[in-house]
Student: 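To start, I am sharing the structure in question, which I have written as structure tokens.
Numbered from 1 within each chain, the chains take letters A, B, ... in sequence-line order.
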Amino acid sequence: AQSVSQHNHHVILSEAASLELGCNYSYGGTVNLFWYVQYPGQHLQLLLKYFSGDPLVKGIKGFEAEFIKSKFSFNLRKPSVQWSDTAEYFCAVKHSGGYQKVTFGTGTKLQVIP
Amino acid sequence: GAGVSQSPSNKVTEKGKDVELRCDPISGHTALYWYRQSLGQGLEFLIYFQGNSAPDKSGLPSDRFSAERTGGSVSTLTIQRTQQEDSAVYLCASSLNFAGGKADTQYFGPGTRLTVL
């Protein structure tokens with residue numbers, strides 16, 4: 001069974017600092033990759049996703065993620081965080097063949113200090 | 001259009017009682033997922049429905065948990081003989097779930113906060 005690891009459980013940054021959240025998965029086949037975000041008091045929502053093509057994916061609010069197949073990684077980055085980025089971030093993976101379920105990581109809580 | 005809705009938004013129950021949580025997915029979405037979100041535990045997969053296929057129940061924590069999806073639309077998650085450790089936010093999500101590999105997006109509902117006293 002596939003698994004998703006998010007090694008950073010809680011990250012605290014000052015505004016304008018750069019962000020990188022790690023995500024590694026275990027499946028060796030072709031995958032679809034996602035980052036979801038949950039802002040305080042709001043629903044989980046999609047931040048960005050990788051399907052195929054350019055491994056550098058750009059999402060909403062200045063976030064991007066890079067798929068590195070050789071490292072089984074899909075790290076999330078943002079060059080300069082804002083207080084409004086305070087949220088919980090979830091990485092997710094899905095096998096791309098057939099009707100496959102999505103597997104989520106345990107999440108990383110990001111706290112941005114003004 | 002309407003998103004995923006869940007009811008009730010909050011449920012307080014006594015230990016040992018049964019509860020039913022409802023999810024109305026987005027119309028036309030063939031895939032439906034239930035997750036549990038507990039403090040410090042992240043997002044725990046419970047069950048997955050895809051069209052008319054047999055559901056993937058591999059995430060259900062015990063036989064006290066069950067779920068149905070009627071007519072490929074509304075789903076009900078039932079927890080029998082609730083325990084205090086069942087207290088959590090139960091999230092439902094739906095997606096189009098393309099078979100061809102296209103990365104479909106899950107749309108989440110607001111969740112039901114279950115408190116077992």
Side-chain angles (χ1 to χ4, degrees), chain A residues 1-10 21 23 25 27 29-55 57 59-60 65 67 74 87-109, chain B residues 2-6 9-10 23 25-26 29-60 67 72 88-113:
Chain A
Q2 64 188 1
S3 64
V4 181
S5 298
Q6 292 183 245
H7 304 294
N8 312 106
H9 299 294
H10 195 182
L21 301 182
C23 174
Y25 62 94
Y27 182 64
T30 304
V31 293
N32 301 144
L33 299 156
F34 309 80
W35 277 96
Y36 284 83
V37 60
Q38 188 172 30
Y39 297 103
Q42 296 188 25
H43 303 189
L44 268 158
Q45 59 185 285
L46 182 71
L47 195 58
L48 50 79
K49 63 183 178 183
Y50 170 80
F51 167 44
S52 65
D54 189 345
V57 179
I60 59 172
F67 171 46
F74 190 55
E88 189 160 14
Y89 294 81
F90 294 89
C91 181
V93 177
K94 177 189 172 186
H95 299 181
S96 65
Y99 292 106
Q100 303 290 340
K101 73 175 186 227
V102 177
T103 302
F104 280 82
T106 52
T108 298
K109 288 186 177 176
Chain B
V4 177
S5 60
Q6 293 185 246
S9 55
N10 278 285
C23 172
I26 292 173
H29 280 191
T30 59
L32 186 148
Y33 301 78
W34 281 99
Y35 298 94
R36 180 166 69 176
Q37 190 174 25
S38 308
L39 196 62
Q41 298 298 316
L43 206 59
E44 178 186 4
F45 165 76
L46 297 177
I47 189 169
Y48 162 53
F49 295 91
Q50 169 53 51
N52 296 321
S53 302
D56 179 345
K57 303 179 181 180
S58 60
L60 295 178
V89 176
Y90 289 82
L91 294 173
C92 176
S94 71
S95 74
L96 284 167
N97 204 19
F98 304 109
K102 185 175 179 180
D104 50 306
T105 300
Q106 287 190 61
Y107 295 86
F108 284 83
T112 294
R113 182 175 297 279

Student: Hey, what do you get for CG (Leu91(B)) to CD (Gln38(A)), rounding to the nearest 0.5 Å?
Tutor: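 Spacing of CG (Leu91(B)) from CD (Gln38(A)) equals 6.5 Å.
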Student: Just wondering, are more than 12 heavy atoms of other shown residues or ligands nearer than 6.0 Å to CG in Asn52(B)?
Tutor: no
Student: If you round to the nearest 0.5 Å, how far is CG of Leu43(B) from OG1 of Thr103(A)?
Tutor: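 The distance works out to 11.0 Å.
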Student: Between Tyr36(A) and Gln106(B), is there a donor-acceptor pair closer than 3.5 Å when you use the side chain of the first and the backbone of the second?
Tutor: yes
Student: Please determine whether side-chain contact (heavy atoms from CB on, under 4.5 Å) holds for the pair Val102(A) and Tyr33(B), giving the CA-CA distance in whole Å, both sets of side-chain angles, and the decisive distance to 0.1 Å.
Tutor: CA-CA 9 Å; Val102(A) 177; Tyr33(B) 301 78; 3.6 Å; yes
Student: Under the salt bridge (Lys or Arg N to Asp or Glu O under 4.0 Å) test, which residues partner Glu88(A), sequence neighbours left out?
Tutor: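 Glu88(A) satisfies salt bridge (Lys or Arg N to Asp or Glu O under 4.0 Å) with no other residue.
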Student: So, using side-chain contact (heavy atoms from CB on, under 4.5 Å) as the criterion, who are the partners of Gln45(A) when residues are at least two apart?
Tutor: Val37(A), Tyr39(A), Gln42(A), Ile60(A)
Student: Would you please test Phe104(A) and Tyr35(B) for side-chain contact (heavy atoms from CB on, under 4.5 Å) and show each step?
Tutor: CA-CA 10 Å; Phe104(A) 280 82; Tyr35(B) 298 94; 3.2 Å; yes
